[in-house]
2 protein chains.
Amino acid sequence: MEKIDKMDLKILSELQEDARKSLREIAEKLGVTEATIYNRINKLKKLGVIERFIPVINYSKLGYDLIAVIGITAKGGKVVEVEKLLAEMPNVTAVYDVTGEFDVIAVSKFRDRDSLNEFVKNIGKLEFVEKTYTMLVLNVVKETHMIDLSELIE
Amino acid sequence: MEKIDKMDLKILSELQEDARKSLREIAEKLGVTEATIYNRINKLKKLGVIERFIPVINYSKLGYDLIAVIGITAKGGKVVEVEKLLAEMPNVTAVYDVTGEFDVIAVSKFRDRDSLNEFVKNIGKLEFVEKTYTMLVLNVVKETHMIDLSELIE
DNA sequence: ACTGAAATTGGTTAGTT
DNA sequence: AACTAACCAATTTCAGT
C-alpha cells in the first residue's frame, strides 16, 4: 500500500499529544487543510498504524491499586497455551513472550490483595505452568504507552 | 461533583471502545443528553481519572520492532535515581518499582539491534546500577493498556 | 445535576487543480 | 495528493428547571 512520510508522523505526533484534538487544529499547525488531515488519518487507520483511540485512565483512582509483573515458565513446549490463557484474563494488560529465565512476562492490575492472590495461585495451578515469579509493583514511575516520534520527524 | 458513579464508568467504557466517539453517540446509548456527557467527561478529566486521550499506534509498523523488558538492580539506596534516569529516556515506555530480585522493571522499544545494545550497555554503565537482566520480547501477545470495567458497572 | 436550544466549531464529501 | 467550498454533524455554553 502507501508509504508513511513525515507529514504522517507529524500527524501521529499531534494525536499523541491529544487524540481528541480537532482536525482543524492539526491542519493549521501543520499548514495543510482539514481534508488532508482527514484523509491522512484514514490512511493511517487503514494501514493499521493507528489501531484505535483510547483514554488513558488512572486505574488507581478507580481502585485498581495493585499491579504485579509476573514471570512465568511453561512446561515443555506449552508456552503458547499459557500465553493464550493469560491474554484472556481481563485484569492482564500485557503479555510478552520473552527470552531468558522466564518464558512469559505478564502485567496485571487488581482492586485488592485477595484478587491478586487468587490470580497468582490460579496461574500456578494451570496445567502448563512450571513456575511463577511475582513482582509486586510498589510504584509506577512511568507508563506512557507511547514512543516519542520526534527522532523520525526532523 | 466528586464521586464516581455508574454513569461515569459507562462513559469511560464507551471511550475505551473508541476515544473519538462523539458525545452524541455516547449520549444516545446511555439515554442522557450530550451536555451531560460533556460535563461528565470534564469532571473525569478534572478528577484525573481520565489523564489524556491517545492513539494506540502499531510501533512495529513504524520500525520499532525490538522490545525489551529489563530488570535492574540499583546500588544501595539509589533506586529512585536509577528510575529517574530511566523515565527520562524516550524509548522507555514503562518503569515499575518492584519487589523481588530486581528493584526496577523497565519496558523499552527500539528500531534496531544497535540502539537496543547501546541502551542496555549504557544502563549497565550508569553509576547507580548494580546489574541488569535483559529479556528480549519475541512476541507481544497482548498489550491493551486498559482494564475491562464491566465488573464495576452491573 | 440535567435538559434543551442557541451559538460556535468541527467532520465529511464532492469537485477541481 | 492536496485544495476549495459547501454541507452536515458535533461541541460548548448557558438560561431554566
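The sequence lines fix the lettering, A, B, ..., with proteins before strands; numbering per chain opens at 1. Below, all heavy atoms of this structure are taken into account, side chains as well, without hydrogens, waters or symmetry copies.
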Base contacts versus sugar-phosphate-only contacts with protein, heavy atoms under 4.0 Å: please encode nucleotides 10-17 of chain D as B, S and - from 5' to 3'. BBSB----
Kindly state whether the ring of B:F110 and the ring of B:Y64 have centres lying under 6.0 angstrom apart. no
Can you tell me how far [atom2] of [N] sits from [atom1] of [X], to the nearest Å?
{"X": "B:L44", "N": "C:dA1", "atom1": "CG", "atom2": "P", "value": "12 Å"}
{"X": "A:I37", "N": "D:dA1", "atom1": "CD1", "atom2": "P", "value": "14 Å"}
{"X": "A:K46", "N": "D:dA1", "atom1": "NZ", "atom2": "C1'", "value": "14 Å"}

Any ion pair linking B:K29 and B:E25 (charged N to carboxylate O, less than 4.0 Å)? no
Considering only NZ, NE, NH1 and NH2 on the basic side and carboxylate oxygens on the acidic side, decide whether A:K131 and A:E101 come within less than 4.0 Å. yes
Can any side-chain N or O of B:T99 pair as donor or acceptor with the backbone N or O of A:L136 at less than 3.5 Å? yes
Quick check: does any side chain N or O of A:K142 sit under 3.5 Å from a backbone N or O of B:V92, one acting as donor and the other as acceptor? yes
Heavy atom of residues 7-18 of chain B under 4.0 Å from DNA chain C: which residues? none
Is B:Q16 close to A:P55 at the side-chain level, that is, under 4.5 Å between some pair of heavy atoms? yes
Are the side chains of A:F119 and A:D114 in touch, meaning some heavy atoms are under 4.5 Å apart? no
At under 4.0 Å, does any side-chain N or O of A:T36 touch on OP1 or OP2 of D:dA1? no
Go through B:E34 and B:R24 one step at a time and tell me if the salt bridge (charged side-chain N to carboxylate O under 4.0 Å, His left out) criterion holds. CA-CA 5 Å; B:E34 298 159 62; B:R24 184 165 299 184; 3.5 Å; yes
